[in-house]
Protein chains: 2
Amino acid sequence: MSTPKRTTVYDVAREAGVAASTVSRAFSNPRRVNATTRQHVLEVAERLGYRPNPLASALQSGHTATLAMLVPDIANPHFFGTIRGAERRASAAGITFILGFTEESADTERNQIERLARSVDGFVLASSRMPEATTVDLASEHNLALVNREIDGLPSAVIDNASGSHQIVDHLASLGHRSLVYLSGPHHSWLAGQRWRALHAGAAQRGMGARRLGPFPPQVAGGGAAADAALVSGASAIVAHNDLLAIGILRRLAERGVDVPGEISVVGYDDIFGADFCAPALTTLAGPQEEAGRAAVEILLTKGSPTGVQDSPRRVVLPSHLVIRDSTGPAPG
Amino acid sequence: MSTPKRTTVYDVAREAGVAASTVSRAFSNPRRVNATTRQHVLEVAERLGYRPNPLASALQSGHTATLAMLVPDIANPHFFGTIRGAERRASAAGITFILGFTEESADTERNQIERLARSVDGFVLASSRMPEATTVDLASEHNLALVNREIDGLPSAVIDNASGSHQIVDHLASLGHRSLVYLSGPHHSWLAGQRWRALHAGAAQRGMGARRLGPFPPQVAGGGAAADAALVSGASAIVAHNDLLAIGILRRLAERGVDVPGEISVVGYDDIFGADFCAPALTTLAGPQEEAGRAAVEILLTKGSPTGVQDSPRRVVLPSHLVIRDSTGPAPG
DNA sequence: CTGAAAGCGCTAACAA
DNA sequence: TTGTTAGCGCTTTCAG
């Protein structure tokens, strides 16, 4: 509030008997300054309570030491781990972390990027909703790293949903299920496409039937309609687009007096907070979310580094594993 | 990545045949410019793809149009609503929103504040862990608004825990409970103090016994020890510091074969995501979290406004209400 | 290794 | 209402 004139490089310089540029170097380019001089400058700075102004620094240098992460919705616990991983990594590197929400809208996402463009060095886009072309376009002007989305030519960190989906199919097959129904997430969701393709292929290999229904809103509230649709389909196993939806389905099935897993099995994706204490506890595909967030930041950090060369974009694929709980069991009959 | 020379106010000014300051005004001070001129400037700016650089603007004006919210832990769903409310309000005002985590540490919190000080116009401190003195100190140099914490002389938005705690006591009393045990959160938590005081007073009024045990880590994992301690205490009702802890307690009780609410009732605070689908569904104190976040940002926004005068700090108290679910029932015997 | 000087892009007096 | 003139606080050539 009060603005008792901030101490600047000049104040420190005068007091230390050096030039402002030396003070600057002492902070941002330690090697370019004599160790003794630097020590002295730092002491004076400390004494005067000097604090570099990141804005002034960024204005001149072009580097903001800040990065932004854009997430569709904060209320989805699925993003917890990723956010935390990203924040931790950024923090560790002394990078300021901006979190933005896109409200599940590609337009909002795009606007956020344009808006923040000058204030950050790069963006982590989690489960981006933007069309591929738009994203590629933006990537030419901005530093982007994707999480749980892959686009040719762009760096990304994803959790292996293909292999994970196969694990799900194998699990269900081993329990004697002959058919499954995938209750899909948003139509334009890259993840939904991935999951369905793998599920479909895996089921074919195992001689199982597989159908896709939906899209359903990937939230607990979407579970009602999804469950009802699944029941009509006659499949003995439901694979829900994510845990939120799966939990909603579990609820609806309980309301309707359908026994899980006695009459029907339910599987989710993400292993979110709550998946282990809903009733019945949910069988779901888990992955190192935190690691994914960390990796994305890492990518941004190294991209901006001295190499300068834009080698082929890094793509990190993290292993997933199926956590078997109480919502899956032997096929009935 | 590529830096094809950004268009600046000067480019626009030249092209529009006006001075740079006019361009500046057209954007940031529309009234101080002729409507026609402004229109023209905006058109030219649009055509050239001009985008104001917020850093340069902030450096000169001292206003960053950015604010930061500091939260102890992103993994606690309790903060969802508050974060979302704050972000939405900021977004609506065209303010950039920075989210930081303090890892439940007062030191980290303080460091974050110092670190971001120059880059933001104010801070929303959610469930701040800092000692009162430190906070008051910081408030003299920074623009602070507290959420779920009250300190004399500082603006805040809190959910009414006192009245809420009384609601809990009344509910339990009406079910015939003669004693309750409060399983407390962190010792230095302001909320924990509030809750216990109100619980204690309410119980006394109703002629109920009340004991406090703990502190316990306010997480699901803390529930094991908490539940065991509660059982030993012999109380027929448990009030947990928050829902995370309550859910952990529910789990432990289930493991030990203790019937809830048949043998013992359990109440939580916050009505977090999951409180409605754990087993049994949790009776808990709910409040308008989102509103709290919104209010805190609102405070920051108006504080920085033209009034200039620092009237008595605003304190917003939001109503809470008890959501009765299946974890509470008549006292046994 | 260090200093001097010139801005980064914008806004804020002060004139006109 | 608009233009002119200085910077905001820092980094960065370029000399020395």
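These values consider heavy atoms only, across backbone and side chains, with no hydrogens, waters or symmetry-generated copies.
- The distance between atom CD of B/Gln39 and atom C1' of D/dT1, rounded to the nearest whole Å, is 17 Å.
- A donor-acceptor distance shorter than 3.5 angstrom exists from the side chain of A/Arg129 to the backbone of A/Ser127, with no hydrogens or angles considered.
- A tilted orientation is assigned to the rings of A/Phe101 and B/Phe97, their planes being inclined by 30° to 60°.
- Put simply, B/Ser61 has no side-chain N or O that comes within less than 4.0 Å of OP1 or OP2 on C/dT11.
- Listed nucleotides: D/dG3, D/dT2, D/dT12. Nearest to the side chain of A/Ser24: D/dT12.
- Contact record, B/Thr108 with B/Thr102: CB-O, 3.3 Å, taken as the closest heavy-atom pair.
- Across the protein-nucleic acid pair, B/Leu55 atom CG and C/dC10 atom P stand 11 Å apart, rounded to whole Å.
- Rounded to the nearest 0.5 Å, atoms CD (A/Glu150) and OG (A/Ser128) are 13.5 Å apart.
- When the nearest nucleotides of DNA chain D are assigned to A/Pro54 and B/Thr37 by heavy-atom distance, the more 5′-ward of the two goes with B/Thr37.
- Side-chain proximity of A/Pro52 to D/dC10, C/dT11, C/dC10: nearest is D/dC10.
- Put simply, A/Ser21 has no side-chain N or O that comes within less than 4.0 Å of OP1 or OP2 on C/dT2.
- A/Arg32 has its CZ atom 16 Å from the P atom of C/dG3, to the nearest Å.
- Between the side chains of A/Ser105 and A/Asp107, no donor-acceptor pair is found at a separation under 3.5 Å.
- With hydrogens and angles left out, the side chain of A/Arg25 and the base of C/dG3 share a donor-acceptor pair within 3.5 Å.
- Rounded to an integer number of Å, the gap from CZ of A/Arg51 to P of D/dC10 is 12 Å.
- The distance between atom CG of A/Asn53 and atom P of D/dT11, rounded to the nearest whole Å, is 9 Å.
- B/Asn29 places its CG atom 13 Å from the C1' atom of D/dT2, with the value rounded to the nearest Å.
- Within the 4.0 angstrom heavy-atom criterion, no nucleotide atom of any strand lies near B/Val23.
- Comparing A/Arg31 and A/Tyr10 along DNA chain C, the residue whose closest nucleotide (by nearest heavy atom) sits nearer the 5' end is A/Arg31.
- Between B/Thr22 and D/dT2 there is no side-chain N or O to OP1 or OP2 distance below 4.0 Å.
- Here the P atom of nucleotide C/dA12 and the CZ atom of B/Phe27 are 15 Å apart, to the nearest Å.
- Applying the 3.5 Å distance criterion, the base of D/dG9 shares no donor-acceptor pair with the side chain of A/Gln60.
- Atom NE2 of A/His63 and atom C1' of D/dC10 are 14 Å apart (whole Å).
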